Amino acid sequence: MVKQAVKVVVRARPTANFASKNIKIDPLTGTIALNIDKKDEGTVNNQLDSWKFKFDKILQNSSQDEVYEAAAQETVQSVVQGYNGTILCYGQTGAGKTFTMTGSSTNFSYRGVIPRAISQVFREVGNKFDQAITIRMFDLLSPIPTHEQQASHLQIQDDSRGGVAIKNLSMIVCNQEEDALNQLFEGDMNRTVSEHQLNKASSRSHCVFTIHIESRSRVESSDKVLFSKLHLVDLAGSERTKKTGSSGITLKEATFINKSLSFLEQVVIALCDKSRDHVPYRQSKLTNLLRDSLGGNCKTLMIANIWPEPTHLEETVSTLKFATRMMRV
Ligand code: ADP
Ligand code: MG
């Protein structure tokens, strides 16, 4: 079986400095060229570092609708057809991960990938008259335990079908799109923290929203049930430890986050290396949670969010390097 590569799409957030001489983005050829002038940073041997990257798709000045169509739609469709899937947003804090994933709850055209995926799932499921389909979400509206409780509280376990389950997080049936959207947006608001705190929290933690689909044939009399799920992941900020002060993350936290992102990378690399039969899922909670939804027959999409301002050149290079490694595997 040919192991499937991760589909990688780059999204550049709008900035005031698009005309920067140090970064050239060409969506038509899918290339990004960057120059870091070491002289600007006070290095004596005025060295110029330059990089050139090539991607299947670069989205610049794209609407939420365009991003969804170009990147996510296909993945969501295969989940409705019975495959497991994962969509991840990767990038430094401020690069637009949450805008891409969640977007606005009030402005319809600014809705992100998750609410659009919910709409698509309900729309496509509504058209399948020969299937009885149940859609479930984790119940995010019941009182959420404190951070410390959560750590010991929410344990990732194997379920009876060889998949992954989370102990102490119950599932609810969503009969209509609104039920699912409530889970997303009310669940967000259920965390009684200020926007600033929320931003800080989302820089440090991975947010995972999962849609579970169960489908049985109405026409055949077999008991065959098809289960599939879609994980929508807003990853923790990928900024290197050097920059942590600006995003309010301590050095210890940054080291931990970088480790967890590198475990994710190791898993994806192992999945696509045909000569390896061990995939190191158990190294982190995130990879453990995603273990039945990455690689193999699963559809994996990574959106690399970049902030193409001169002050973020190094972070941009680091994000594009990560995205390139994901693509090569
Ligand atoms: P992250 O989650 O990666 O830290 P955010 O999604 O919170 O970043 O984005 C930072 C800010 O930039 C937010 O105010 C967001 O609304 C804005 N932003 C990001 N991407 C876009 C975009 N493509 N169009 C308009 N505003 C954006
Ligand atoms: Mg965010």
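As the structure lists them, so they are numbered: ligands from 1, and atoms in each ligand from 1. Remember, it's a predicted structure, so these values are computed and weren't measured experimentally.
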By number and element, which atoms of ligand 1 are closer than 4.0 Å to a non-hydrogen atom of Q92?
3 (O)

Give me the ring orientation class for Y90 and F322: parallel if the planes are under 30° apart, tilted from 30 to 60°, perpendicular past 60°.
parallel

Do any nitrogen or oxygen atoms of F99 lie less than 3.5 angstrom from nitrogen or oxygen atoms of ligand 1?
yes

Structural part of S62 in contact with ligand 1, heavy atom criterion under 4.0 angstrom
neither

State whether a side-chain donor-acceptor pair under 3.5 Å links N107 with S109.
yes

Taking only heavy atoms of R13, which atoms of ligand 1 are found under 4.0 Å from at least one of them?
10 (C), 11 (C), 12 (O), 20 (N)

Hey, is P14 one of the residues with a heavy atom under 4.0 angstrom from ligand 1?
yes

side-chain hydrogen bond (donor to acceptor under 3.5 Å, both in side chains) with N305: of T319, T316, T100, only one passes, and it is T100

Report, in ascending order of atom number, the atoms of ligand 1 lying under 4.0 Å from any heavy atom of T93.
4 (O)

Does K128 NZ have over 12 foreign heavy atoms under 6.0 Å away?
yes

If you take the nearest heavy atom of each of R11, M101, K97, Q64, which one is closest to atom 3 (O) of ligand 1?
K97

Has M101 got an N/O/S atom less than 2.8 Å from the Mg ion (ligand 2)?
no

If you count heavy atoms of other groups shown closer than 6.0 angstrom to CZ of F227, is the number above 12?
yes

Kindly confirm or rule out an N or O of T98 lying under 3.5 angstrom from an N or O of ligand 1.
yes

Going by atom types only, do Q73 and Q77 share a side-chain donor-acceptor pair under 3.5 Å?
no

Stepwise side-chain hydrogen bond (donor to acceptor under 3.5 Å, both in side chains) test for D234 and T102
CA-CA 9 Å; D234 184 344; T102 307; 4.9 Å; no

